[in-house]
Amino acid sequence: MPEAPKAPKRPTVLTHHGDTRVDEWYWLRDRDDPEVLALLEAENAHTEAATAHTAGLRDRLFDEMVARIQETDLSVPARKGPWEYYTRTVEGQQYPISCRSRDGVEQVLLDVNELAEGQDFCEVANDDVSPDASLLSYGVDFDGGEKYTMRFRDLSTGADLDDRVEGTYYGVAWAADNRTVFYTRPDQAMRPYQLWRHVLGTPVADDVLVHQEDDERFFLGVGVSQDEQYVFLSLESKVTSEVRFLRADDPTGSFQVVQPREQGVEYSVEHHGESFLIVTNADGAENFKLVRAPVSSPGRESWEEVVPHRADVKLDGVEVFRRWVVLWERAGGLRRIRVLPWDDGPGRAEEIDQPEPVYTVGPGANLEFDTDTLRFSYQSMVTPPSVFDFDMAARTRELKKQQPVLGGYDPSHYETVRLWATAPDGEQVPMSVVYRRDTARDGSAPAVLYGYGSYEASMEPTFSSLRLSLLDRGFVYAIAHIRGGGELGRRWYEDGKLLQKRNTFTDFIACAEHLVAEGWTSPPRLAVRGGSAGGLLMGAVANMRPDLFGAVVAEVPFVDCLTTILDETLPLTVLEWEEWGNPLADPEVYAYMKSYSPFDNVSNSPYPAMLVTAGLNDPRVSYWEPAKWVQRLRDRGAGGGRPIILKVELGAGHMGPSGRYDAWRDEAFVHAFVLDALGVAAEPAEHAEPAEPAGPGRPAAEAR
């Protein structure tokens with residue numbers, strides 16, 4: 001290994017609640033210090049030198065990945081009025097092209113490749129067509145900082161209007177007049193807190209501030225109802241909601257409150273006829289219920305129950321059509337769809353059956369309100385992403401497209417199973433697993449275990465053609481559905497946050513131990529991976545059980561969590577107190593977070609090989625967290641001769657590279673690191689044909 005960069009120690013003493021911590025690399029926060037950028041550049045040079053021997057492998061992996069992808073491709077067109085909207089990609093081009101067609105004639109709405117010309121990074125957000133289909137709004141970010149310059153395009157000419165709104169955030173809503181646009185702005189902590197109104201053709205300086213949210217716990221968002229009759233202003237903390245509404249044909253009117261915020265009560269709103277449909281956890285409905293209320297008096301005193309709370313089913317949300325309400329639910333760790341007829345009122349909801357017991361479904365491009373067709377996506381860890389149209393009246397489905405996987409992919413060679421690990425407190429933790437059917441179960445197989453476990457986010461059992469490069473080299477790939485996520489309902493989330501956060505880490509360790517105990521892999525052959533809050537997970541489990549893993553991939557990891565959550569000036573901190581606790585105000589929270597903070601608990605035990613990533617422009621997890629974590633790991637001899645490397649995106653943010661080829665190269669780099677760290681052969685193994693049919697036509701196994 002070449003010698004790693006060594007940042008000077010400039011100790012900063014941090015004292016809270018009578019406890020003192022010393023941070024030797026606190027100074028890395030100053031990105032204007034030329035030594036900081038020099039260090040990050042040195043880290044990249046070191047990473048390149050330390051992985052130079054895998055350059056050929058990276059190229060082979062990248063070529064494999066690209067060879068499976070239909071580079072020139074087209075999404076399934078979605079109709080709205082006379083137009084069909086779709087995106088397409090072209091071989092050799094990094095970015096998608098947004099299009100629409102009428103009578104078979106294509107019109108390009110936005111070619112992101114043209115926007116990105118001469119740029120190292122390009123991300124588009126808030127691309128939305130006006131109600132009369134004559135204009136397009138879109139925002140562009142060229143550095144990954146997630147602040148967008150909003151532009152407007154005349155679709156009859158293809159030319160952009162003079163209007164240019166700087167410093168906008170996610171969220172846009174057109175009013176019915178096709179001239180008024182609502183947009184959001186973030187504060188210095190990157191919290192969207194203002195709603196503004198812009199009228200096309202007028203100076204941006206004349207834009208009207210419609211609402212400012214001063215409570216630092218709350219995010220502000222904006223959108224329109226599915227029937228486009230109302231603009232909704234949403235105000236949400238981690239545990240509390242407030243929604244305001246405005247008729248889309250009255251853009252200068254005042255937003256009215258559906259139900260004033262009440263601590264711990266969450267709700268979301270859709271419009272249907274003379275009613276609002278509200279998904280809420282009010283009145284002890286932990287897993288949420290559906291109620292309706294008249295638009296004229298939508299407050300809580302008027303709520304009428306439509307779908308009651310169920311202890312074993314989480315209601316995630318609804319999609320609304322003129323004659324139907326679609327319920328998006330979660331039961332048994334899987335998403336499901338139920339269709340509720342709604343002619344003169346709610347009828348009996350019926351579930352849409354799915355062909356595999358381990359799968360995921362999601363909403364498709366449902367642009368029409370007055371339709372009997374529901375478009376949804378379906379995939380599993382062996383079935384590529386598929387788009388279905390479901391006739392809600394006839395209860396029939398039509399496969400519109402299954403994503404091609406080139407190179408002779410045969411799903412019958414692979415198997416997906418659901419495993420259950422036992423946590424230290426006896427809780428049963430599900431895992432979704434995929435592997436080639438000829439993989440040995442004697443502990444010799446290499447494996448990757450992925451985890452996240454925060455913010456009630458569910459890590460779905462999805463398909464990845466990129467993952468095939470691992471599976472064909474004998475890997476087992478598993479997703480740990482640990483507490484802190486939302487896979488098993490609201491309680492699953494509650495049991496993995498605040499002062500229960502350690503359950504997230506011990507659940508993940510239990511999943512790793514189960515894979516080893518059942519012969520799926522062995523510790524030297526097990527790599528683990530997670531990003532952002534999942535990177536915190538990686539740091540915590542590496543501290544707790546460094547002997548259990550052969551390699552760790554921690555992407556943009558939130559590893560200095562205690563110091564960050566103590567600093568109110570940093571992006572997202574105050575918002576995060578309802579997820580992690582407030583260590584500034586509560587000594588118990590401070591001590592608890594300190595007990596698992598990866599940066600604060602690095603030991604001198606031998607750690608696995610580690611690949612850590614960062615983004616210089618990351619507004620969510622600041623680059624200095626992974627940078628100084630790596631310094632401390634090396635300083636304390638954690639590597640024990642194994643590589644601990646840091647790869648920094650100097651022109652991107654939290655999401656990494658923006659172009660698809662760049663993202664595939666990034667994935668090839670990660671795969672090459674894992675293969676090298678675990679000592680797996682560079683070339684795919686020779687595989688025998690499976691002894692019996694498998695894949696989508698054969699039920700996946702269930703094991704506990």
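Note: hydrogens, waters and symmetry copies are ignored here, and every other heavy atom, side chains too, is used. Since this is a predicted model, take the numbers as computed values, not measurements. Along the sequence shown, residues carry numbers from 1.
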Distance-only, no hydrogens or angles: does the [X] side chain make a donor-acceptor pair with backbone N or O of [Y] under 3.5 Å?
{"X": "Ser377", "Y": "Gly362", "value": "yes"}
{"X": "Thr87", "Y": "Ser75", "value": "no"}
{"X": "Trp27", "Y": "Pro8", "value": "yes"}
{"X": "Gln94", "Y": "Arg660", "value": "yes"}
{"X": "Ser432", "Y": "Pro461", "value": "no"}
{"X": "Glu123", "Y": "Gly144", "value": "no"}
{"X": "Thr416", "Y": "Val433", "value": "yes"}
{"X": "Ser622", "Y": "Trp624", "value": "no"}
{"X": "Tyr623", "Y": "Leu28", "value": "yes"}
{"X": "Arg153", "Y": "Leu109", "value": "yes"}

Should the pair [X]-[Y] be classified as a salt bridge under the 4.0 Å nitrogen-to-oxygen rule?
{"X": "Arg620", "Y": "Asp618", "result": "no"}
{"X": "Arg29", "Y": "Asp560", "result": "no"}
{"X": "Arg60", "Y": "Glu64", "result": "no"}
{"X": "Arg88", "Y": "Glu106", "result": "yes"}
{"X": "Lys628", "Y": "Glu24", "result": "no"}

Any chance you could measure [X], atom [atom1], to [Y], atom [atom2], to the nearest 0.5 Å?
{"X": "Thr613", "Y": "Phe669", "atom1": "OG1", "atom2": "CZ", "value": "10.0 Å"}
{"X": "Ile69", "Y": "Leu466", "atom1": "CD1", "atom2": "CG", "value": "5.5 Å"}
{"X": "Arg436", "Y": "Leu468", "atom1": "CZ", "atom2": "CG", "value": "9.0 Å"}
{"X": "Thr521", "Y": "His514", "atom1": "OG1", "atom2": "NE2", "value": "13.0 Å"}

Any luck finding a side-chain donor-acceptor pair between [X] and [Y] under 3.5 Å?
{"X": "Tyr359", "Y": "Glu460", "result": "no"}
{"X": "Glu43", "Y": "Gln631", "result": "yes"}
{"X": "Arg68", "Y": "Ser469", "result": "yes"}
{"X": "Ser386", "Y": "Gln379", "result": "no"}
{"X": "Gln107", "Y": "Arg100", "result": "yes"}
{"X": "Glu146", "Y": "Asn617", "result": "no"}
{"X": "Ser658", "Y": "Tyr95", "result": "yes"}
{"X": "His481", "Y": "Asp507", "result": "no"}
{"X": "Thr54", "Y": "Arg58", "result": "yes"}

Between [X] and [Y], what is the shortest heavy-atom contact and its length?
{"X": "Ala668", "Y": "Leu61", "result": "O-CD1, 3.6 Å"}
{"X": "Ala478", "Y": "Met431", "result": "CB-SD, 4.5 Å"}
{"X": "Gln402", "Y": "Leu399", "result": "N-CD1, 4.3 Å"}
{"X": "Met190", "Y": "Gly145", "result": "CE-O, 3.5 Å"}
{"X": "Phe121", "Y": "Pro657", "result": "CE1-C, 4.5 Å"}
{"X": "Ala7", "Y": "Leu39", "result": "CB-CD2, 3.8 Å"}

**OP:** May I ask you to check whether over 12 heavy atoms, not counting those of Asp120, lie within 6.0 Å of atom CG?
**Re:**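 Count not over threshold, so no.
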
Original post:
Would you say Lys6 has more than 12 foreign heavy atoms packed within less than 6.0 Å of its NZ?
Top reply: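 Incorrect, the count does not exceed 12.
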
**OP:** Go through Leu449 and Phe508 one step at a time and tell me if the side chain to side chain contact (heavy atoms under 4.5 Å, CB included) criterion holds.
**Re:** CA-CA 9 Å; Leu449 178 62; Phe508 189 85; 3.6 Å; yes

Let me check something: any side-chain donor-acceptor pairs from residues 640-651 under 3.5 Å, sequence neighbours excluded? List them with distances.
| residue | atom | partner | partner atom | Å |
| --- | --- | --- | --- | --- |
| Arg642 | NH1 | Tyr607 | O | 3.4 |
| Lys647 | NZ | Asp666 | OD1 | 2.8 |

Original post:
Can you check side-chain hydrogen bond (donor to acceptor under 3.5 Å, both in side chains) on Ser532 and Glu555, steps first, answer last?
Top reply: CA-CA 6 Å; Ser532 196; Glu555 296 167 289; over 6 Å; no

Given the ring of [Y], does [X] sit roughly above its face, with NZ or CZ under 6.0 Å from the centre of the six-membered ring and within 45° of the axis?
{"X": "Arg441", "Y": "Trp520", "answer": "yes"}
{"X": "Lys400", "Y": "Phe388", "answer": "no"}
{"X": "Arg151", "Y": "Tyr138", "answer": "no"}

Subject >> Residues that Tyr409 engages under ring pair (Phe, Tyr, Trp, His ring centres under 6.0 Å), provided they are two or more places apart >> reply: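 With neighbours one apart ignored, the set is Tyr414, Phe463.
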
Original post:
Would Arg473 and Leu675 count as a side chain to side chain contact (heavy atoms under 4.5 Å, CB included) if you check the C-alpha gap in whole Å, the side-chain angles of each, and the deciding distance to 0.1 Å?
Top reply: CA-CA 9 Å; Arg473 286 171 172 83; Leu675 288 167; 3.7 Å; yes

**OP:** Might you work through the side chain to side chain contact (heavy atoms under 4.5 Å, CB included) test for Met544 and Ile509, ending with a clear yes or no?
**Re:** CA-CA 9 Å; Met544 296 166 71; Ile509 289 170; 3.9 Å; yes

Original post:
When the aromatic ring centroids of Tyr169 and Tyr148 are compared, is their separation below 6.0 Å?
Top reply: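 No, they do not, as the ring centres are separated by 6.0 Å or more.
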
Original post:
Tyr450 and Tyr477: aromatic ring centres closer than 6.0 Å?
Top reply: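 Judged by ring-centre distance (under 6.0 Å), Tyr450 and Tyr477 do not meet the cut-off.
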
Original post:
Do Phe475 and Leu678 pass the side chain to side chain contact (heavy atoms under 4.5 Å, CB included) test, and can you show the C-alpha distance, the side-chain angles, and the key distance before you say yes or no?
Top reply: CA-CA 11 Å; Phe475 272 77; Leu678 301 186; 3.9 Å; yes

Original post:
According to the interplanar angle, ranging from 0 to 90°, do the rings of Trp664 and Tyr661 count as parallel (below 30°), tilted (30 to 60°) or perpendicular (above 60°)?
Top reply: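 Aromatic pair Trp664/Tyr661 classed perpendicular.
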
